[in-house]
Protein chains: 2
Amino acid sequence: MTRENPTPAVRPLTLRDVSEASGVSEMTVSRVLRNRGDVSEATRAKVLEAAKTLGYVPNKIAGALASSRVNLVAVIIPSLSNMVFPEVMMGISQILEDTELQPVVGVTNYSPEREEKVLYEMLSWRPSGVIIAGLEHTEAAKAMLGASGIPIVEIMDVDGEPIDSMVGISHRRAGRHMATAIVEAGYQKIGFLGTKMPLDHRARKRFEGFTEALAKSGLEVADSEFYDGGSALLKGREMTQAILARSPELDFLYYSNDMIAAGGLLYLLEKGIDIPAQIGLAGFNGVELLDGLPRSLATMDAHRLDIGRAAAEIIARRVEDPTTPPGEVVVLKPSIDFGDTLKRVKKRPDL
Amino acid sequence: MTRENPTPAVRPLTLRDVSEASGVSEMTVSRVLRNRGDVSEATRAKVLEAAKTLGYVPNKIAGALASSRVNLVAVIIPSLSNMVFPEVMMGISQILEDTELQPVVGVTNYSPEREEKVLYEMLSWRPSGVIIAGLEHTEAAKAMLGASGIPIVEIMDVDGEPIDSMVGISHRRAGRHMATAIVEAGYQKIGFLGTKMPLDHRARKRFEGFTEALAKSGLEVADSEFYDGGSALLKGREMTQAILARSPELDFLYYSNDMIAAGGLLYLLEKGIDIPAQIGLAGFNGVELLDGLPRSLATMDAHRLDIGRAAAEIIARRVEDPTTPPGEVVVLKPSIDFGDTLKRVKKRPDL
DNA sequence: TTGAAAGCGCTAACAA
DNA sequence: TTGTTAGCGCTTTCAA
């Protein structure tokens with residue numbers, strides 16, 4: 001079967017094609033297409049017409065090489081599989097939508113080696129900036145970031161030294177803060193349920209802050225349970241059952257994320273446990289999901305959207321005006337949402 | 001304060017810098033760095049050493065321009081805010097990890113205009129292939145895809161004509177299939193609860209297939225409820241309450257996604273409704289979350305991971321061997337998971 | 001096994 | 001307002 005192809009795509013079109021079709025020099029075509037420099041309305045119309053009918057799509061590779069300007073912002077995150085990073089992405093997109101900049105996402109699966117590779121790959125496209133999750137990176141990755149000469153924003157965490165700018169919350173403080181609230185509410189036998197992931201530094205820091213604050217009250221984590229992969233809601237159920245089977249005396253369960261906390265909540269409600277009198281519960285993140293649960297779960301909003309927005313704003317500002325000083329630090333302060341699963345004792349505005 | 005900068009990042013390093021540092025021609029450095037052509041072990045070592053100590057990161061822009069090869073695959077999806085597209089992304093990543101190709105994500109927020117813009121933006125980087133959600137695009141977008149000359153895979157949906165290849169399920173069939181199962185189970189008064197989004201063509205097609213199959217049994221959707229934004233779990237609760245307040249005679253509720261179905265399930269369980277005897281429920285997607293619910297919800301797996309994998313495989317194959325014929329079509333057939341919320345009547349292997 | 005020359009498609013800088 | 005020239009940093013091609 002022979003068939004006439006209306007748009008034969010043998011060779012991608014170039015500026016030269018548009019130039020020839022419109023009878024205008026390549027340079028002027030380039031100017032029209034980028035809205036640069038003064039071009040008469042007449043030629044402008046001619047060029048636009050030609051470009052449109054030909055279906056010309058500019059070659060950004062050549063443009064970037066010639067101008068050494070790339071409107072890409074590399075965003076490097078550990079995962080897309082829970083709601084936290086997509087929400088950060090939304091914040092970034094919201095801000096970059098009003099600029100020429102475009103986010104490009106790389107996922108590391110919480111692997112430092114993969115992070116290093118993804119970073120190398122992305123830097124080789126010479127982006128205008130980098131937004132990267134966390135403050136912990138391989139030495140090589142830190143060296144690359146430091147030598148890149150572009151704005152770098154490390155996000156989510158502020159417990160450490162940034163390479164350039166950072167935007168986030170203190171997970172140590174978040175852990176401490178929650179521990180204090182739990183102790184003040186009168187709970188004494190506290191269990192911890194979390195992810196096994198040794199490379200989730202933020203979860204680790206929350207845990208460290210948590211135990212540290214408990215210690216100040218002469219308490220320690222009475223029992224703990226860790227998981228790895230699978231449906232978080234289901235794991236929350238299973239771990240809750242397991243930890244209570246082993247340590248029935250527990251009167252509070254602190255979960256490292258809201259999803260497993262929700263699983264625990266559903267389980268305990270089915271068992272007819274009196275929450276928060278008999279057992280109190282708290283999670284972490286403030287995910288939207290929580291709104292539909294039978295009880296409002298105690299949690300702490302990690303300000304993911306704001307983090308994304310603030311990070312993107314830093315990059316946008318630095319690209320817009322390269323004299324903007326680097327090293328900006330934005331620390332967001334999450335507060336506890338007590339919900340229905342953590343006894344509220346008294347206001348402590350000084351926390 | 002003055003400070004010595006150990007890695008001054010004035011000008012990004014070039015091949016020339018490595019060439020000078022190693023005393024080897026630029027060409028040979030290039031060969032070493034790309035593992036191309038025969039290079040003696042001695043020079044190879046010298047070059048690698050120099051590149052490493054300098055901290056050289058190749059400039060892919062220049063490389064891509066010179067070789068007209070770009071190892072990027074554009075992935076264009078409507079959203080990251082529910083679990084469905086991230087899971088597709090995982091499938092894509094799993095396959096591309098074993099190749100030189102790298103996915104680059106663009107998000108359209110279900111807007112055709114935005115899709116057109118994102119596509120234009122991505123095509124201007126001359127990617128090696130495009131994976132794009134859905135079969136509905138603006139005329140301009142279709143023209144760009146058709147003229148791009150690269151492999152295009154439209155994913156998720158197979159109810160329509162692809163530009164090149166497509167991988168997905170038939171949402172019409174999915175809707176019909178579920179309707180048939182519901183009718184066979186003996187339900188008669190069926191309510192539909194879904195999203196308001198007029199641009200979610202796949203949800204629309206499921207609904208169309210659903211009503212069509214009901215009609216064949218002389219039934220129609222007795223009442224329906226639509227939502228827009230907010231916590232899906234909460235919306236599921238609210239809509240379920242609303243539809244039952246209005247139409248208490250309903251004996252089945254079909255939800256357009258699992259998250260709102262889960263909200264409905266939790267609500268009905270709290271009300272002490274007998275599921276699936278008094279009211280049956282079904283959702284759509286097969287999200288992992290469901291595993292932790294008090295009852296196993298009836299649903300249909302949309303094969304998101306497989307769709308991502310199959311799409312990436314097509315691109316990888318076509319890039320590897322450009323003579324591979326285009327127009328590949330992969331139709332996945334989802335089956336019903338009856339769970340605990342849809343009465344199972346009999347096996348119908350012929351469906 | 002190595003090197004030299006040309007050019008990928010565009011834009012900066014300058015000239016007309 | 002428009003055009004010409006040179007060159008971005010790399011790879012292809014060809015020669016040594």
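Hydrogens, waters and symmetry mates are skipped; everything else that's a heavy atom, side chains included, is used. A note on names: the letters A, B, ... follow the listed sequences, proteins ahead of strands, and every chain is numbered from 1.
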(message) Of the options C:dG3, C:dG9, D:dC10, whose atoms approach the side-chain atoms of B:S25 most closely?
(response) C:dG3

(request) Using a cut-off of strictly less than 4.0 Å between a heavy atom of the residue and any atom of DNA chain D, enumerate the qualifying residues of residues 30-39 of chain B by number. (result) B:S30, B:R34

(message) Keeping B:T53 on the side-chain end and B:A50 on the backbone end, is there a donor-acceptor pair under 3.5 Å?
(response) yes

(message) How many whole angstroms separate atom CG of B:N59 from atom P of D:dT11?
(response) 9 Å

(request) Choose from D:dG9, C:dG9, C:dT2 the nucleotide whose nearest atom is closest to any side-chain atom of B:T28. (result) C:dT2

(message) Of the listed nucleotides (C:dG9, D:dC10, C:dT2), which one gets closest to any side-chain atom of B:T43?
(response) C:dT2

(request) Rounded to the nearest angstrom, tell me the gap between atom CZ in B:R44 and atom C1' in C:dT2. (result) 15 Å

(message) Is it the case that atom CD in A:E320 sees more than 12 heavy atoms from other parts of the structure closer than 6.0 Å?
(response) no

(request) Specify the separation, in whole Å, of atom CD of B:E26 and atom P of C:dT1. (result) 21 Å

(message) Using a 4.0 Å heavy-atom cut-off, does B:S40 contact any base of the nucleic acid, only the sugar-phosphate backbone, or nothing at all?
(response) sugar-phosphate

(message) I need the NZ-C1' distance between A:K60 and C:dC10, as an integer number of Å.
(response) 13 Å

(request) Go through the steps to decide whether A:K117 and A:E121 satisfy the test salt bridge (charged side-chain N to carboxylate O under 4.0 Å, His left out), and finish with yes or no. (result) CA-CA 6 Å; A:K117 202 187 150 206; A:E121 211 54 41; 5.8 Å; no

(message) Name the residue from B:V330, B:I314, B:I132 that meets the side chain to side chain contact (heavy atoms under 4.5 Å, CB included) definition with B:V153.
(response) B:I314

(message) Under 4.0 Å, heavy atom to any atom of DNA chain C: which of residues 46-56 of chain A qualify?
(response) A:Y56

(request) Round to a whole Å and report the spacing from CG of A:L65 to P of D:dC10. (result) 9 Å

(message) What is the separation between atom CH2 on A:W125 and atom P on D:dC8, rounded to the nearest whole Å?
(response) 19 Å

(message) C:dC8, OP1 or OP2 - any side-chain N/O from B:R126 closer than 4.0 Å?
(response) no

(request) Would you indicate whether the side-chain heavy atoms of B:R11 and B:D17 approach each other to under 4.5 Å? (result) yes

(request) For A:M27 and C:dA12, give me the distance from atom CE to atom P, rounded to whole Å. (result) 7 Å

(message) Is it true that, when you exclude A:E100 itself, more than 12 heavy atoms of the residues, nucleotides or ligands shown sit nearer than 6.0 Å to its CD?
(response) no

(request) Count the heavy atoms of every other residue, nucleotide or ligand shown that sit under 6.0 Å from CZ of B:R317, and state whether that count exceeds 12. (result) yes

(request) When you get a sec, tell me which of C:dC10, D:dT12, C:dG7 is the closest nucleotide to the side chain of B:A66? (result) C:dG7

(message) Evaluate B:M156 against B:V88 for side chain to side chain contact (heavy atoms under 4.5 Å, CB included), listing each step before the verdict.
(response) CA-CA 9 Å; B:M156 312 307 283; B:V88 173; 3.8 Å; yes

(request) Look at atom CZ of B:R16 and say whether more than 12 heavy atoms of other residues, nucleotides or ligands are closer to it than 6.0 Å. (result) no

(request) Report the distance from atom CZ of B:R16 to atom P of D:dT11, rounded to the nearest whole Å. (result) 15 Å

(request) Inspect the surroundings of CD in A:E97 and state if more than 12 heavy atoms from other residues, nucleotides or ligands are less than 6.0 Å away. (result) yes

(request) Under 4.0 Å between any heavy atoms, over every strand shown, what does B:S67 touch: base, sugar-phosphate, or nothing? Just pick one. (result) sugar-phosphate

